[in-house]
Amino acid sequence: MLVVEKVKKYLEAIEKDNQKGKKINAILHLNPNILEEAKVVDEKVKKGKAGKLAGIVFVIKSNICVKGLVANCASKTLENFKAPYNASVIEKIKAEDGLIIGMANMDEFASGSSGETSAFGITKNPAALERIPGGSSSGSAASVAAGFCDVALGSDTGGSIRNPASHCGIVGFKPSYGAVSRFGLIDLGMSLDTIGVLVKNVKDAKLVFQVIAGKDERDPTTRKIEPKKDIKKIKIGIPQVGASKEILDLINKKVKEFCKKNGWQETQIEIKHIDLGIQTYYPINYVEFFSGTRKFDGRRFGKKIEDSCGKEVLRRILGGSMIAEEEFSGRYYKKALDAKKLLEKEFEGAFEKVDLIVTPTVPRLPHKFGEKISFEDMYNYDTLTVLANIAEICAVSVPAGKIQGIPVGVQIMAARGKDLMLLEAAERFE
Ligand code: GLN
């Protein structure tokens, strides 16, 4: 099929169900030049000169800069902000002829786990319409699950790629910290943020990851990824974690089947302080977010953030400003950094004994719209995903099955830099 034809099909699907029909509300802005750009790619294909991503149609989370398109982080603060340049990942995607069809809805400034904090309306879960799609990459996950694109880019600070991938029944991959450049990402917590992919299958994740990964002089935290090695006998570690019984039963059953099929080994492991993820994550997130948002004072970009943002963003700014103060920082932020180091070490130790660590991606099923949940409960959606960000390792969520008709994902984690090994293993899990 011509790339133009494929793009037209996606545009039709978006027209039918994004704002009308099922009202998924996954996409906030379309790329007005997409058909022209698709024609150019078709020409290149004809001449045999097309890049590795020719014909792949992307939706991009609205906190990643795509030159000329609105990158508003689903916030009134940046409502009409058009990105003046391309993020490094976008440059790389375009250089390989990937096409960008539009910008995704999300939780405001990537602060949330449900897609409900967007200033431009909730996103529905295409796999369970009356339920949240998860977040904060809500629109990215829903776009893939609704058939609006092939691949979506998201950002993951504490689970924002894996959480919605799990709830929407797709694959979500968070690379190791530093594997993918963050240049051009509007940050949430810069020591935890990673850009990654939401896809229909692991094969697509591998393809796109290999294009966007690698060292970038504009992001000094980037480093080379480890080359792929053949995986033979894999040892899987299963730590004890808190999650609903039905989810734990499903995941355990899947892991057993998977190990049997591949001749891999599974073993229980202990990771000390594994229950401290949330307490470690939020002080760091609040302080870094507070500091990152100081540029939104209304002079250079959009409106002053405190005057224009939603409740959750304001909670983080006020909380972050307080715990960043000299008198409190020793009590919260520095302690959280110490706890981060501790968890990093624990995971390093665990990966000396096993190759992969497996848990559910999310400990509970996604709630229904209208159901009131406390902010603490909202934070607890991420108890199992924040661990990989804290330990700077790579992790992927792969569909494991359904409970009451709602998708449930299994999270597979590997040591920092072992991204390709992880994807190779995850492919067998599918
Ligand atoms: N839900 C978490 C938070 O609200 C994670 C967000 C993310 O990964 N961007 O901070």
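Heads up: numbering here begins at 1 and tracks the sequence. Whatever order the structure lists ligands and atoms in, that order sets their numbers, starting from 1.
A salt bridge does not link E130 to K22: none of the charged nitrogens lies less than 4.0 Å from a carboxylate oxygen. The existence of a salt bridge linking R364 and D377 is excluded, since no basic side-chain nitrogen approaches an acidic carboxylate oxygen closer than 4.0 Å. Ion pair E348/R416 not flagged as a salt bridge, since none of the NZ, NE, NH1 or NH2 atoms sits closer than 4.0 Å to an Asp/Glu carboxylate oxygen. Salt-bridge annotation for K203 and E427: absent, with no side-chain N of the basic residue lying under 4.0 Å from a carboxylate O of the acidic one.
Side chain to side chain, T117 and E108 fail the donor-acceptor criterion of an N or O pair below 3.5 Å. For the 3.5 Å distance criterion, the side chains of K61 and S137 qualify, holding a donor opposite an acceptor.
Near ligand 1, heavy-atom contacts under 4.0 Å come from A110, S111, G112, S113, S136, D156, T157, G158, G159, S160, L188, Y281, Y282, N285, R316, D382.
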